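Basis for what follows: all heavy atoms, side chains included, without hydrogens, waters or symmetry-related copies. All values derive from a computational prediction rather than experimental measurement. So that the names make sense, note that chain A is the first sequence line, chain B the second, and so on, each numbered from 1.
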Amino acid sequence: MSDVIRELTEQKYKYGFVTDVAEDRIRKGLDEDIVRLISSKKNEPAFLLDFRLKAFRHWLTLEEPTWAKVSYPRLDYQDIVYYSAPKPRKKLASMDEVDPELREAFAKLGIPLEEQKRLSNVAVDAVFDSVSVATTFKKKLADMGVIFGSFSDAVKEHPELVERHLGSVVPYTDNYFATLNSAVFSDGSFAYIPKGVRCPMELSTYFRINAADTGQFERTLIVADEGSYVSYLEGCTAPQRDQNQLHAAVVELVALDGAEIKYSTVQNWYPGDAEGKGGIFNFVTKRGRAMRKSKISWTQVETGSAITWKYPSCILQGDDSVGEFYSVALTNHRQQADTGTKMIHIGKNTRSTIVSKGISAGRGQNTYRGQVKIGKGAEGARNHSQCDSLLIGDRCGAHTFPYIEARNPTAQVEHEATTSKISEEQLFYCRQRGISEEDAVSMIVNGFARQVLKELPMEFAVEAQKLLGMSLEGSVG
Amino acid sequence: MNAAEASLVSATGGLPPAPEFVAAARRAGRDAFERSGLPGTRQEDWRFTSLAPLAAHAFGHGDPAVPVLAGDLERVAGKPFGARLVFVNGRFRGELSTAHGMPTGVHASSLAHAISATPGLVESRLGRTAMVDGRPFAALNAAFLGDGAFVHVGADARGGVVELVFATASTDGPVACHPRVLVVADPGGDATLVETYVALGDHPVLTNAVTEVSLGAGARLDHYQVQDQPANAFHFATLTVEQGTDARLSTHSTALGAALSRSDVLARLVGEGAEVHVAGLYMADGKRLVDNHSVIEHVVPRGTSREIFKGILDGAARGVFAGRIRVMAGASKADAHQHNSNLLLSRDAVVDALPQLEIYTDDVKAGHGGTVGELDREALFYLRSRGIPAPAARGLLIYAFAREMVDRVAVPALRDRLGQQVAARLAGGGAILEAE
Amino acid sequence: MSQPSNGALLEVRDLRARIDAKEILKGLDLVVKPGEVHAIMGPNGSGKSTFAGVLAGRDRAEVTGGSATLDGKDLLAMSPETRAVAGLFLGFQYPVEIPGVGNLYFLRTALNAQRKARGEEELDAVDFLGLAREKMKLVEMDPAFMNRGVNEGFSGGEKKRNEVLQMAVLEPRLSILDEIDSGLDIDALRQVARGVEALRSPERSILLVTHYQRLLEYIVPDQIHVMAAGRIVRTGGRELALELEKKGYAWVDS
């Protein structure tokens, strides 16, 4: 079986190319002047500069957290470029005006920006080096009152919405990396779904890191007003470089009464080479606040990054709100992932479901870390967690660290975890039926992840299956 | 060190002289404790358990010769069901003990006696698994090393029970005591050991026990700890285990009392095919805190570990379970499972559950499960609809939850005693057992 | 490579294999011709299942000598999947559960992998479904099982029926059915046997491995072999099974 595993785990990263575009980049380092410079480059209103400065000053008082089960050399925060954008950056009248180099870069990634070439039911916001370069279907969405586009545009066009919700779920004091993001974030996506509107298409942001030595700090804010629905997809890739690059994004979701947000991620940042050289350090804070009878569902397929540190979480504040977390995390070579979720039950009859599937291969280390907190007032709260680990090879690690804190006697919390490997008997069974060893491993791994993959929208499910290194035609969905 | 820490180690001055290997272990323990001090809640292993309440008391060194009546002891520790060694304030008390029923092949004595009688054997094992670095309570215990129990299970031992009773007795103020139990089982030996921890007197007591178990190839030990301390007591227990090839340990703890009760189990499966079962029942009400930590490490192939803890929390009590199973690289064919269930009986009770798996090899079967919930309302209604008053019905259902742990006790007399102790804490009390 | 003698489908000569240091197969000979049904009977530990596994390429046992050919082709040199493509099917004594992998999807992948390897056209989803439905009827399998994971949560009888379904769809030239009767009640046994019987044809051969003669009441073999201590010690017709039933396996050792 070892040859097949070697092949599977040694697959080359397909998105490692670099695009040659002129960059507008500022000097390395981080201080108050840099924060002001970023804000002024973006012509931001005072409230936003104020938010950044408060965050920066708070960040200076914090220490980098060490509790996660990941090890990496200390980052030199003065050796990072905090702002880099492809230039020129002028207001685009149509997609045709997007820099052809950029357009080609996204086409290579399978994200054509020409609307007629896209699947008709997905609107894309393309973010290149933390700056939104194009958004498709903007007009069609606007007709329904849906606002979707770059965070920067939202600041200019809908400052009141941004001011009301920015930091309302992830405050600038939240944690080291979120605080850093609050000080220096460059761009990202913004979506607002008005009351009662069911967003007619999938909203999607495609993040691409291109420039060297830069940190990537996007900020995404999605507000689903009462009774609305939106499905949001996020994908990401980066060039192959020897240096590690820091990616510290913040995503905030607000689901008002009766709203539903489905947030899906296929994370494929450059993972580093087989020896662990290079790769993205992915330190991301994602959290949603769910009001009465609303629902927030996180689905993630994490295959990239040298280090993944993220815990998409739900604050189940409103009564009868629902939180879900479906995750597949795959680590091979020397990748490390410490990922999971927090389900904070505050409202009555709140419900949460956690399904985590960790796959470790090579020398990968994969940790599920999750918290289920049942607050005092969370009468009748329910949680069910299932965390399964699959180990491929004897040099990898799989770790499961759930934390249950229960403060209400009427709550019911259940946690289950298993750890296993692909059994020789399963492989032999498949091979006896004529299926090659390689296909058998793929099939078994995808079967293992199926419960999560089937939560992905179709467009992403296909990409996710490919990412897991397998041909899965027809078995998912 | 702060005042509380200094006061805890100050009594080491009055220790009787001891051979150099004991004196060296005392110094090492004292040094380690002075370096670390008491752990704070910023330390991961202590984040739920604040030791601040200790500072309110100046714990003295209890008088080892304090008069104790056999009847008073039996009232708190029950009647002996075989050979029983009694220790008061950490020192062996022959007049309260009985060697009657000592199993064949098992030699149990005071540790002080063994240190002088068989220094070679004791020196080779003492402090071998109860490391003092980073374990402040093991360090503090080592600083007071000198007495406690020594149990030697010979290769010819074929079962049978030895009971150790540790009573901390206060007369004119708070008392701290640090007993040590050293268990050495020769290859193939088999025995059962019961440790009971109680207190006499009205003042707060602090008991800081360390039990070291070393099992030779194929040896078996059935081990029980019963903590039945008064509501103002502080109880710390550390159990460290090293198991040789095919050795089997089953350890079972019951935490019934104390204001603050903390147990640490550290088991290393260093021999192939070794098996460890760690079970625990904890009950707390009022503002009490009961904290169970454990680390089970699979180091070599074919190890089996099973862990099950059940907690019943009432009032404003807090229950903590943090169990970690580590399967190291090379520990192939490991089979590990842990489970933790908790019953929350009141609005103010809190449970923190952290079942943890850390796996570094692929040829392994591992899993864990955990639940937190209240009593089954349907079952409660069913009982009440049959005419059983609500408090008694609740008592019955709580007992049913705990019963699995009681039933695991393989010593009939201990099982009966524990069943009664659990039932006595529930509404309906003895009636629950009569109905059985 | 040895040549087929007398048009044998399966020819095994002096086959020897061990597990760890223990020799399990100690010079086994067997010839199965196209269209024949053979049964291998023997007490527990006689090496029956090891033999079935070695033919299919299970690497638990190490082949130390002898030969095994299918249609004259050296089986022992092939990977398990190549043996499957060549037409060898093993019905497992304990069919494996593969969670999350749909039963029907699995079967289609297997069929198409085999067809592709043989240079045949792959079946599309619609054609395959038609074929699967037809075969499910044949083995009286509830279609509800098709969308569940492979053998996931199936009862013993359902697993065995699933094996027969796979055999019916894959249409192997040689089916080795390892204790296909174990753990089945009489109704399930009858159904499974009916499924197997339906696949009997002049081109296909079947090798039944069983402990009990009960199965042979439903699938009547052309030849019965008795295995003991790693060798075939007797060969005969139906009467051999009845004799075994009466006298027990101790008889063959005498």
> Do other residues, nucleotides or ligands put more than 12 heavy atoms under 6.0 Å from Arg351(A) CZ?
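Not buried by this count: 12 neighbours or fewer within 6.0 Å.
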> Around Lys348(A), counting heavy atoms of other residues, nucleotides and ligands shown, do more than 12 lie under 6.0 Å from its NZ?
no
> Can you tell me how far CG of Leu357(B) sits from OG of Ser389(A), rounded to the nearest 0.5 angstrom?
7.5 Å
> On a heavy-atom basis, which atom in Pro355(B) and which in Pro402(A) lie closest, and how many Å separate them?
O-CD, 2.8 Å
> For the interface with chain A, which of His339(B), Glu44(B), Arg324(B) has the highest count of heavy-atom pairs at distances below 4.5 Å?
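Option with the greatest count: Arg324(B).
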> Given 3.5 Å as the limit, does a donor-acceptor pair link the side chain of His368(B) with the main chain of Glu416(A), or not?
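Between the backbone of Glu416(A) and the side chain of His368(B) there is no qualifying donor-acceptor contact (under 3.5 Å).
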> Locate the shortest heavy-atom distance separating Asn408(A) from Arg347(B); write the atom from each residue and the value.
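What the structure gives for the nearest pair is ND2-NH2, 3.1 Å.
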> Hey, is NZ on Lys342(A) packed in by over 12 heavy atoms from elsewhere, all under 6.0 Å?
no
> Can you tell which part of Thr361(B) gets under 4.5 Å to a heavy atom of chain A, answering side chain, backbone, both or neither?
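The answer is both parts of Thr361(B).
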> Can you give me the closest heavy-atom contact between Ala406(A) and Val372(B), atom names plus distance?
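Heavy atoms only, the tightest pair is CB-CG1, 3.5 Å.
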> Does some side-chain heavy atom of Lys421(A) sit less than 4.5 Å from a side-chain heavy atom of Ile359(B)?
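No, side chains not in contact.
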> Output the option from Ser346(B), Ala349(B), Ala336(B), Ala322(B) having the highest count of non-hydrogen pairs under 4.5 Å with chain A.
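Greatest number of close heavy-atom pairs with chain A: Ser346(B).
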> Would you call Leu354(B) and Phe401(A) a side-chain contact if the rule is heavy atoms closer than 4.5 Å?
no
> Is atom OH of Tyr72(A) surrounded by more than 12 heavy atoms (other residues, nucleotides or ligands) closer than 6.0 Å?
yes
> Measure the OG1-CD1 distance between Thr371(B) and Ile404(A) for me, rounded to the nearest 0.5 Å.
8.0 Å
> Where does Phe48(B) contact chain A at under 4.5 Å (heavy atoms): side chain, backbone, both or neither?
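For Phe48(B), side-chain heavy atoms alone lie under 4.5 Å from chain A.
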> Counting only heavy atoms closer than 4.5 Å, note whether Asp348(B) contacts chain A via side chain, backbone, both or neither.
both
> Please list, in residue-number order, every residue in residues 364-382 of chain A that has a heavy atom less than 4.5 Å from any heavy atom of chain B; write 'none' if there are none.
Gln365(A), Lys376(A), Glu379(A)
> For the atom pair OG1 (Thr410(A)) and CZ (Arg377(B)), what is the distance rounded to the nearest 0.5 Å?
6.0 Å
> Can you tell me how far the CG atom of Asp363(B) sits from the OG atom of Ser423(A), to the nearest 0.5 Å?
10.5 Å
> Among His337(B), Gln356(B), Lys365(B), which has the most heavy-atom pairs under 4.5 Å with chain A?
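Answer, by heavy-atom pair count under 4.5 Å with chain A: Gln356(B).
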> At their closest point, which heavy atom of Arg407(A) faces which heavy atom of Arg318(B), and how far apart are they?
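Closest approach of Arg407(A) to Arg318(B), heavy atoms only: NH2-NH2, 4.1 Å.
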> Could you work out, with side chain to side chain donor-acceptor pair (under 3.5 Å) as the rule, every residue matching Ser253(B), not counting sequence neighbours?
none
